[in-house]
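Numbers restart at 1 for each chain; the letters A, B, ... are given by sequence-line order, proteins then strands. These numbers were taken from a predicted model, which means no experiment stands behind them.
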Number of protein chains: 2
Amino acid sequence: MKKLSFAEENYLKAVYHLSNAGEFDVTTNSIAEEMDTKAASVSDMLRRLSEKEMVVYRKYQGVKISEKGKIAALQVIRKHRLWEVFLVEKLKFNWDQVHEIAEQLEHIKSPLLIQRLDDFLGHPKFDPHGDPIPDENGLFKEKPQVPLAEVEISGDGIVVAVKDTNSMFLQHLDRIGIYLGAKTKVTEKVEFDGSMEILVDGKNKLFISKEVAENVLVTH
Amino acid sequence: MKKLSFAEENYLKAVYHLSNAGEFDVTTNSIAEEMDTKAASVSDMLRRLSEKEMVVYRKYQGVKISEKGKIAALQVIRKHRLWEVFLVEKLKFNWDQVHEIAEQLEHIKSPLLIQRLDDFLGHPKFDPHGDPIPDENGLFKEKPQVPLAEVEISGDGIVVAVKDTNSMFLQHLDRIGIYLGAKTKVTEKVEFDGSMEILVDGKNKLFISKEVAENVLVTH
DNA sequence: ATTTATTTTTAGATTAATCTAATATTATTT
DNA sequence: AAATAATATTAGATTAATCTAAAAATAAAT
């Protein structure tokens with residue numbers, strides 16, 4: 001099976017990420033939005049990916065990733081996340097600076113390189129945003145993650161991931177003192193606007209908006 | 001000035017590498033051969049690179065790299081060689097395995113990444129094949145290198161580079177016990193076929209062919 | 001259950017990078 | 001110096017990836 005182009009890999013990742021439980025639940029427009037491109041380009045690419053059997057595509061209905069496609073997508077995701085670990089752990093980048101660079105590095109084709117990189121990094125299981133790193137077979141364990149917004153009062157948690165990974169949001173988190181691994185306790189919830197008060201590491205009292213509460217994920 | 005495409009960067013590197021002292025001394029066919037492509041494709045690309053003022057192109061006469069083009073080419077070469085150091089020093093690749101992967105990595109666009117990588121590697125001045133690594137400004141010092149073939153009898157040297165970097169040749173060197181940093185002494189030269197006898201590290205007596213002697217570079 | 005609105009696909013163009021085949025230029029050899 | 005050979009360029013096609021505008025299909029609303 002021929003190598004995928006960068007563009008094909010990116011579309012495949014988008015389909016994978018937009019998939020939920022449902023069958024054919026990924027729409028053309030959602031892919032176009034995610035990838036900042038036009039619906040017409042998406043239709044075209046879905047036809048091509050379908051020919052290569054990377055997705056199952058039903059015109060006007062939606063698309064789902066195939067088994068073959070899922071394996072390919074997970075390898076790209078594996079590479080992306082391993083490179084992110086490298087950038088943060090070894091090259092001292094901040095977690096809000098690594099996404100763009102990893103978007104480029106994820107397309108480098110060399111299984112041996114990724115194996116060696118994985119060895120070098122000590123086989124990390126999670127990336128700097130707390131997302132799990134699939135192994136060579138695409139297997140990974142998801143930590144059960146809940147948005148802070150859904151934690152009940154006095155509930156404890158550890159920040160393990162963020163839903164929104166855009167740079168502005170991550171910088172805001174840094175500024176207010178929320179980081180990966182921080183211990184959280186919900187001390188107050190404001191019904192009408194979804195904001196809440198939390199205690200970080202048992203000492204810093206913080207007010208966070210609904211937007212922040214919905215995008216910070218914790219395990220409990 | 002817009003970013004160069006991967007293809008443009010590769011052509012630019014080829015023009016740079018094929019340049020000698022002369023003006024417009026790089027020919028279409030030599031580029032086509034170096035890049036394993038057709039002369040027609042080269043003509044086309046030279047026209048485009050010329051429009052971007054990366055090369056000075058005289059139809060039917062030849063091409064030379066521009067100042068702007070040289071800077072761009074040296075940055076790509078810098079990245080290539082830094083990644084090679086990373087692969088060998090950190091990921092434990094052999095020097096004959098890194099070229100292909102570095103060919104991909106050299107196109108990653110992020111000045112900060114390269115600065116950090118350079119820091120991480122301790123600002124190496126030479127890559128695993130002994131080639132100098134240009135600094136951020138494209139400056140580098142060339143070690144004075146001489147092919148073993150040109151060393152006179154009883155002349156000492158240290159292997160610092162190879163002219164031919166193809167994998168088969170490097171593997172051959174590994175097999176016969178010639179490596180970067182090896183100490184050499186020419187003990188005998190055979191006039192009629194250009195072969196010679198050398199002593200590696202003062203203990204291993206080796207017979208090497210003219211081809212090998214011409215492609216192994218030493219300082220003395 | 002039609003009409004209207006939304007979503008999706010197709011048709012037709014465009015750009016980058018490549019190719020083959022034909023043409024043009026330069027170099028070499030009688 | 002004309003003929004031949006070698007090199008290089010252009011013309012015309014092709015493929016991947018994109019776009020805009022038009023057409024088709026589905027969903028929503030009256």
Side-chain angles (χ1 to χ4, degrees), chain A residues 1-15 18-20 22-65 69 72 76 103-104 106-107 109, chain B residues 1-15 18-20 22-65 69 72 76 103-104 106-107 109:
Chain A
M1 65 190 100
K2 243 184 103 274
K3 266 182 213 161
L4 296 178
S5 70
F6 285 23
E8 287 171 330
E9 288 189 341
N10 285 334
Y11 276 93
L12 213 49
K13 260 199 318 172
V15 175
L18 293 167
S19 294
N20 290 306
E23 295 268 284
F24 302 99
D25 58 348
V26 183
T27 66
T28 300
N29 265 350
S30 65
I31 297 172
E33 196 176 349
E34 167 105 352
M35 302 198 57
D36 199 32
T37 182
K38 295 296 150 69
S41 309
V42 176
S43 285
D44 223 57
M45 181 56 97
L46 289 180
R47 188 180 43 69
R48 291 202 298 273
L49 284 175
S50 181
E51 277 167 17
K52 298 190 176 182
E53 299 184 307
M54 304 306 283
V55 300
V56 186
Y57 177 38
R58 287 190 189 159
K59 281 186 195 172
Y60 293 104
Q61 303 304 307
V63 69
K64 69 168 181 175
I65 201 156
V76 177
E103 284 288 303
Q104 297 182 60
E106 72 188 5
H107 301 297
K109 267 95 178 170
Chain B
M1 67 189 97
K2 246 187 99 269
K3 265 180 214 162
L4 297 178
S5 69
F6 285 23
E8 287 170 330
E9 288 188 340
N10 286 334
Y11 276 93
L12 213 49
K13 260 198 320 169
V15 175
L18 293 167
S19 294
N20 290 308
E23 295 268 282
F24 303 99
D25 59 348
V26 183
T27 66
T28 300
N29 267 350
S30 66
I31 298 172
E33 195 177 350
E34 167 106 350
M35 304 198 54
D36 199 32
T37 182
K38 295 296 149 72
S41 310
V42 175
S43 285
D44 223 57
M45 180 58 97
L46 288 179
R47 188 181 42 69
R48 290 201 300 273
L49 283 175
S50 182
E51 277 168 17
K52 299 191 177 183
E53 298 182 307
M54 305 305 285
V55 299
V56 187
Y57 177 38
R58 288 190 189 157
K59 281 186 198 173
Y60 294 105
Q61 303 305 307
V63 69
K64 69 166 180 175
I65 202 154
V76 177
E103 284 287 304
Q104 298 182 59
E106 73 188 3
H107 302 297
K109 266 100 179 169

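Contact between the side-chain N/O atoms of A:T37 and the OP1/OP2 oxygens of D:dT18 is not found at any separation under 4.0 Å. Listed pair A:S43 / C:dT9 meets the phosphate criterion, a side-chain N or O lying under 4.0 Å from OP1 or OP2. The phosphate of C:dA16 has neither OP1 nor OP2 within less than 4.0 Å of any side-chain N or O from B:R48. Regarding contacts with the backbone of D:dT9, a side-chain N or O of B:T28 is found under 4.0 angstrom from either OP1 or OP2. Side-chain nitrogen and oxygen atoms of A:K59 include none within less than 4.0 Å of the OP1 or OP2 phosphate oxygen of D:dA25. Of the side-chain N and O atoms in B:T27, none sit less than 4.0 angstrom from OP1 or OP2 of D:dT7. For B:N29 and D:dA8, the shortest distance from a side-chain N or O to OP1 or OP2 is below 4.0 Å. Within the 4.0 Å cut-off from OP1 or OP2 of D:dT9, at least one side-chain nitrogen or oxygen of B:Y57 is found. At D:dA17, one or more side-chain N or O atoms of A:S5 fall inside 4.0 Å of OP1 or OP2 (strictly under the cut-off). Between A:Y60 and D:dA27 there is no side-chain N or O to OP1 or OP2 distance below 4.0 Å.
Spacing between atom CZ of A:R47 and atom P of C:dT10 amounts to 8 Å, rounded to whole angstrom units. With rounding to whole Å, B:L46 atom CG is found 14 Å from D:dT7 atom C1'. With rounding to whole Å, B:Q61 atom CD is found 18 Å from C:dA24 atom P. Taking atom CG of residue B:D44 and atom C1' of nucleotide D:dT10, one finds them 9 Å apart after rounding to whole Å. Summarising the geometry, the separation between CD on A:E51 and P on D:dT15 is reported as 12 Å, rounded to the nearest angstrom. Here the C1' atom of nucleotide D:dA17 and the CE atom of A:M35 are 11 Å apart, to the nearest Å. Distance, B:R58 CZ to D:dT9 P: 13 Å, rounded to whole Å. The CZ atom of B:F24 sits 15 Å away from the P atom of D:dA8 (whole-angstrom rounding).
Counting only heavy atoms from C-beta on, B:A40 has its side chain closest to C:dT20 among C:dT8, C:dT20, D:dA8. Distances from the side chain of A:K38 to the nucleotides C:dT8, D:dT20, D:dT10 place D:dT20 closest. Side chain of B:M45, nearest nucleotide from D:dT18, C:dA17, D:dT7: C:dA17.
Looking at heavy-atom distances under 4.0 Å, B:F6 makes no contact with the nucleic acid at all. The residue A:A7 sits close only to the backbone: its heavy atoms come under 4.0 Å of sugar-phosphate atoms, none of a base.
Contact check on A:K13 versus A:E34 returns no salt bridge, with no Lys/Arg side-chain nitrogen under 4.0 Å from an Asp/Glu carboxylate oxygen.
Heavy-atom minimum distance, A:M54 versus A:I65: O-CG1, 3.7 Å. Counting all heavy atoms, side chain and backbone alike, A:A32 lies closest to A:K38 at CB-C, 4.0 Å.
Other residues, nucleotides and ligands contribute more than 12 heavy atoms inside 6.0 Å of the CD atom of A:E103.
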Audit row: A:K109, A:E9, salt bridge (Lys or Arg N to Asp or Glu O under 4.0 Å) steps and yes/no: CA-CA 11 Å; A:K109 267 95 178 170; A:E9 288 189 341; 3.3 Å; yes

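Using cut-offs of 30° and 60° for the angle between ring planes, the B:F6 and A:F6 rings count as perpendicular.
Both B:S30 and A:S41 lie near DNA chain D, and the one whose nearest nucleotide falls closer to the 5' end is B:S30.
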